[in-house]
*Asks:* 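This structure is in structure tokens; I'll ask about it shortly.
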Amino acid sequence: MATTVPTWRLRAAFARRLSAMYGAEVPAYTTLVEVAGRVNATVMRAAGGERAQRFGSIERVTAERHGAIRVGTPGELRRAAQIFAALGMEPVGFYDLREAAASSVPVVSTAFRPVTPEELARNPFRVFTSVLTPADRRFFDTDLHRRLEAFLDRRELFPPELLELAGRAEREGGLDGDRAERFLHLAVAAFELSPEPVDRVWYAELEKVSAVAADIGGVTSTHVNHLTPRVLDIDDLYHRMEALGVSMIDRIQGPPRWDGPEVLLRQTSFRALAEPRVFREPDGSLSEGSLRVRFGEVEARGIALSREGRALYDRLVDGPVEDWAAHFPRTEHRLAADGLGYFTYEAVRHRPRDGRTPPDDVGGLLDGGWVTARPIVYEDFLPRSAAGIFQSNLTDPGARDAAQTGAHYDQAWLSGAIGRVVHDPFDLYAAQQAGSLSRARPCPEGR
Ligand code: OOG
Ligand code: NI
């Protein structure tokens with residue numbers, strides 16, 4: 001069978017085409033990508049290739065993007081997952097943005113991405129994917145819930161031909177040339193902004209509850225709402241964008257800038273732009289208007305933290321930066337030795353052993369020069385940063401009825417809704433680290 005375009009090439013091609021499509025739709029995105037390229041070139045020159053590429057090759061970083069989409073129902077989520085499966089992207093992590101955001105953000109989310117180091121190195125494309133929580137009475141009363149579900153049930157986000165090709169691509173590990181072309185064409189089209197008129201009254205009713213609910217349930221299609229390039233110095237990028245007259249949100253989300261190890265994820269964005277849209281008025285007539293739903297975001301990635309490291313991060317991130325500097329590990333060595341960050345380990349070869357027995361602990365192996373450590377890059381998202389990104393782009397905080405109890409959604413619900421296992425990100429990093437450590441650990445003397 002001629003699967004001439006293997007899964008990872010489909011993924012890389014999809015990321016490239018989505019980027020071209022989004023750049024044509026949102027010109028400020030193209031500016032962002034250009035500025036990110038200049039920042040990365042500056043870091044490569046100033047820090048040198050080895051240091052600049054400690055968290056991934058410059059080819060990977062340059063191609064790297066994450067997108068975000070929002071869907072309305074478990075069925076839509078399952079079909080989106082089928083498309084991502086064709087691209088070698090699996091659901092990782094459960095994010096509850098209802099709790100993380102001060103504004104009304106009635107969604108829960110996961111991220112579709114490659115899960116092995118080899119596939120991530122080939123192309124790390126990921127899509128943050130959110131699904132509405134219409135059963136949550138704090139946001140939707142029973143009447144609105146019923147009408148919202150009826151509206152969502154009538155629409156079709158992904159044509160059957162696209163889903164059929166996606167299923168084939170998943171089963172066969174790729175597609176032959178013609179089918180690959182057709183699949184990519186249909187897949188990109190499914191995430192374009194639709195010219196379909198927006199029902200003014202319905203959109204406005206949902207917007208009163210939440211701008212995110214209106215963006216999802218007020219229209220008949222989905223769309224990429226941002227596409228994010230990766231940058232090696234996000235503070236530099238922030239200043240360059242402001243100097244170009246692009247108004248950025250007021251801060252960089254995530255860990256502070258400091259001279260210690262770069263960890264997790266730092267993100268910032270420019271505000272959503274007013275884009276012209278056609279509206280259908282109650283009398284059936286069409287009118288011109290605009291909506292602000294799509295924005296630009298940029299990210300810098302650092303070392304993945306263990307559960308303990310993450311708990312420390314969560315404790316310190318909201319406090320004063322002096323507390324961060326006083327309590328967060330100052331070196332990669334400390335992160336590794338204290339089990340707070342994830343690394344891959346490699347044995348140091350040709351090392352005279354002086355009859356010594358290798359220690360059991362990672363700190364001892366590093367101190368004794370038995371192994372070297374290389375950081376594992378954080379490939380996921382941060383719920384509070386995501387909430388901050390959502391929020392900073394909402395013109396209206398929406399409304400929520402705190403007297404109602406929220407509906408329960410968790411990782412198990414999400415797995416059931418998608419019909420695929422949602423991976424726990426900590427488990428993926430821990431397995432990668434443990435595998436490398438068992439290969440790197442020197443055998444006891446004499447064996
Ligand atoms: C998703 C926001 C979250 C990120 O980078 O944290 C996100 C959305 O706006 O739909 O993309
Ligand atoms: Ni994002």
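For ligands, and for the atoms within them, numbers begin at 1 and follow the listed sequence.
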*Asks:* Between Y29 and H226, does the ring centroid distance fall short of 6.0 Å?
*Replies:* no
*Asks:* Got the closest protein heavy atom to atom 5 (O) of ligand 1, with its distance?
*Replies:*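 Here the nearest protein heavy atom works out to Q267 NE2, 2.6 Å.
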*Asks:* Strictly below 4.0 Å, N to O, side chains only: are E118 and R60 in salt-bridge contact?
*Replies:*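 R60 and E118: not salt-bridged.
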*Asks:* In plain terms, say whether R292 and E275 are close enough for a salt bridge, that is, a side-chain N and a carboxylate O under 4.0 Å apart.
*Replies:* no
*Asks:* Among protein heavy atoms, which sits nearest to atom 3 (C) of ligand 1, and what does the distance come to when rounded to 0.1 Å?
*Replies:* A386 CB, 3.5 Å
*Asks:* Which residue holds the protein heavy atom closest to atom 8 (C) of ligand 1, what is that atom called, and what is the gap in Å?
*Replies:* F390 CZ, 3.2 Å
*Asks:* Would you kindly check if the NZ (Lys) or CZ (Arg) of R65 is within the cone defined by 45 degrees around the ring axis of F125 and under 6.0 Å from the six-membered ring centre?
*Replies:*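 That pair does not qualify as a cation-pi contact.
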*Asks:* Closest non-hydrogen protein atom to atom 9 (O) of ligand 1, residue and atom name please, with distance?
*Replies:* R70 NH2, 2.8 Å
*Asks:* Can you confirm whether or not the ring centre of F128 sits under 6.0 Å from the ring centre of F112?
*Replies:*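 No, the ring of F128 stays outside the 6.0 Å limit from the ring of F112, centre to centre.
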*Asks:* Please compare E297, R294, H226 and report which has the shortest non-hydrogen distance to atom 11 (O) of ligand 1.
*Replies:*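 Nearest heavy atom to atom 11 (O) of ligand 1 lies in H226.
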*Asks:* Using a 4.0 Å heavy-atom cut-off, say whether H66 meets ligand 1 through its side chain, its backbone, both or neither.
*Replies:*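 The side chain, only.
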*Asks:* Is R147 salt-bridged to D141, cutoff N-O under 4.0 Å?
*Replies:* no
*Asks:* Rounded to the nearest 10°, what angle sits at the Ni ion (ligand 2) between OE1 of E297 and NE2 of H226?
*Replies:* 90°
*Asks:* Please list, in number order, the atoms of ligand 1 under 4.0 Å from a heavy atom of N225.
*Replies:*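 Within the 4.0 Å cut-off of N225, ligand 1 contributes 8 (C), 9 (O), 10 (O).
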*Asks:* Does the pair E262/R301 count as a salt bridge with the N-to-O cut at 4.0 Å?
*Replies:*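 No salt bridge links E262 with R301.
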*Asks:* Please state which part of T228 comes within less than 4.0 Å of ligand 1, counting heavy atoms only: side chain, backbone, both or neither.
*Replies:*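 Neither; nothing of T228 gets under 4.0 Å from ligand 1.
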